[in-house]
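The structure appears below as C-alpha cells.
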2 protein chains.
Amino acid sequence: MAKTRLSRETLLPLLAAHVLENGLNDASLRPLAKAAGTSDRMLIYHFGNKQALVAALLEYLAAMFAASLDSAFPPGRADTRRACVEQVLEITGQPAFQQFFRLWWDIVAGCAAGNRAYLQAAGSIMDMLLQWVTDHLPADDPDPQTGARLVLTQIEGAQMLAAIGREDIGKGGLSALET
Amino acid sequence: MAKTRLSRETLLPLLAAHVLENGLNDASLRPLAKAAGTSDRMLIYHFGNKQALVAALLEYLAAMFAASLDSAFPPGRADTRRACVEQVLEITGQPAFQQFFRLWWDIVAGCAAGNRAYLQAAGSIMDMLLQWVTDHLPADDPDPQTGARLVLTQIEGAQMLAAIGREDIGKGGLSALET
DNA sequence: AGCGCGATGTAGCACTCGCTACAAGGCGTC
DNA sequence: GACGCCTTGTAGCGAGTGCTACATCGCGCT
C-alpha cells in the first residue's frame, strides 16, 4: 500500500500539480488533500494552517517556474530588445507555461487585495525575471538596466492582454519598439 | 422608512460600491445584500442568480470606469508616446482609481480561469482603452494604430507591476521609450 | 517485550455558500 | 371591498469551509 510517511516534501509536488491545474485562490483543503492522496486533517497537521500551506506552495511553485524558464530558453542573448520580448513571448506562450500564468494572475489579484505572502512571492519572482531579462539583452545594449525594465514591462503587459484574450494588442505594438 | 421598491437600477450603485471596496471574486450574496440594505433573497429575485448579478455589475462598473476616465483626463493630445504613457500612469495612479484596479486584477484572474463573462467584459474595456489611447496620441504620430498598441501594452505592464508593489520596474523603463 | 511518541483516521464543530419553499405584505384594478 | 399579482420576509436546505478533539496505529528505542 506504499505507506510512505507524509511530509512537506512529498506533499508539495502533488499539491503544486493540483494548484497548477485548478487555480490557487479558491483552492480548498479537501480537494487539495484528495489530490495528494491524504486528508485535510493531515495538511493542517503538516503545515499548521492553510495560510502556511499556501506560502510553502508559493515558494515551491516559484522554484518550479524558475527551473522551467531556465530549461526552456536558449542560453544566448537576443539581438535586439524587441527580439528579446518576442522570444520570451513565444516561449512562454507554449502550453507548458499556460498553467503558470493562470496561477500568476491569481497571485496578482491577491496582491491587489493586499495579501502579504503574495506580494512577497510576486516581488521576488519579478526580481528573478528582471535579472533574467537583463542577462538576455543584447550585449551591446546602451543601457541594460533601463532596457530590461522596458522589456519586462512590455512582456508583462502583453501577457496580461493575452490572458484576457487580446494578444493582438500586445503583439501588435511590438514593431514600434526600437530595434 | 423609505420603502422605495427595489430594482436592478437602485441596487447596482450600492452593489458596485461594495465591490469596489471589497473585491469581486470573493464577494458573496449576503454581504452584498447587506451593503444594498436588503437580503440575499432579493438579490436572487431581481437578478435570477449570482452569475447574472455579477454580469450586470460588470457592465455597470465598466460604465463607471469609462465615465471616471473621461472626466479625469484633459481633452488634448500628448506630445510624445512616452508622455502619453506617463500621463495615463500619473492619473490612474490617483487614489480614486485604485479601487478600479483592484477589481481589474480580479477580472483578469477570472479571465485566466476561463470565466466567459469576465473575458467579454475585459475585452470591451480594453477596446475602450485602446480607442482612448489612440485619440490621445500625438497628432503627428507616424503609425497611431501600432503606437497605441505599444503604449497600451506598456501602460498595462506598468500597472501590473504597480499592483505587486514594483512600480519602480514599470516606470524605470519609460526613458527607453522613443520620445 | 513493553513503552513513548510522532503520524494518521474518524467524526464533528461552527460557520458560510448559493439558492428555494412558503407565506405574507402592498398596491392597482374592477 | 375583493381579487390578483408583483414584491418581500422568514426559515431552511444541502453542500462546503477551515480547523479540532479524541482515539488509534505503528515504528524506534530500551
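Below, chains carry the letters A, B, ... as their sequence lines are ordered, and counting in each starts from 1.
- Per the geometry, CG belonging to B:L43 stands 14 Å off P belonging to C:dT20, to the nearest Å.
- Following rounding to the nearest Å, A:L29 (CG) and D:dT20 (P) show an atom-to-atom distance of 11 Å.
- Nearest-nucleotide assignment on DNA chain C puts the 5′-proximal partner with A:Y45, out of A:Y45 and A:D40.
- Between B:L32 atom CG and C:dC19 atom C1' there is a gap of 15 Å when expressed in whole angstrom units.
- Counting to the nearest Å, the P atom of C:dA7 and the CG atom of A:L11 are 12 Å from each other.
- In this structure, A:F100 and A:F97 have tilted ring planes: the angle between them lies in the 30° to 60° band.
- Candidate nucleotides D:dG9, C:dC17, D:dG16 were compared by shortest atom distance to the side chain of A:S28, and D:dG16 ranks first.
- Taking only side-chain atoms of A:R41, from C-beta outward, the nucleotide of C:dC19, C:dT10, D:dT17 with the closest atom is C:dT10.
- The distance from atom NZ of A:K34 to atom C1' of D:dG16 is 14 Å, rounded to the nearest whole Å.
- A straight line from CZ of B:F47 to C1' of C:dC19 spans 16 Å, rounded to a whole angstrom.
- At C:dG6, none of the side-chain N or O atoms of A:H46 fall inside 4.0 Å of OP1 or OP2 (strictly under the cut-off).
- The side chain of A:I44 approaches D:dC19 more closely than any other nucleotide in the set D:dG9, D:dC19, D:dG12.
- Nucleic acid contact class of B:A27 (heavy atoms, under 4.0 Å, all strands): sugar-phosphate only.
- Rounded to whole Å, the distance from CG on A:N25 to C1' on D:dT17 is 16 Å.
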(request) Given ring pair (Phe, Tyr, Trp, His ring centres under 6.0 Å), test B:W132 with B:F73 step by step and report yes or no. (result) CA-CA 10 Å; B:W132 192 93; B:F73 278 89; 4.3 Å; yes
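- In this structure a side-chain-to-backbone donor-acceptor pair under 3.5 Å is missing from A:R102 to A:L20.
- Judged purely by atom type and a 3.5 angstrom limit, A:N25 uses its side chain to pair as donor or acceptor with the backbone of A:D106.
- When each of C:dA21, D:dT7, D:dC19 is scored by its nearest atom to the side-chain atoms of B:M42, the top-ranked nucleotide is D:dT7.
- For the pair A:Q51 CD and D:dC19 C1', the interatomic distance rounds to 14 Å; values are reported in whole Å.
- In the interface, the side chain of A:R30 is not paired with the base of D:dG16 through any donor and acceptor atom under 3.5 Å apart.
- In this structure, the side chain of B:R149 does not engage the main chain of A:L174 through any donor-acceptor pair within 3.5 Å.
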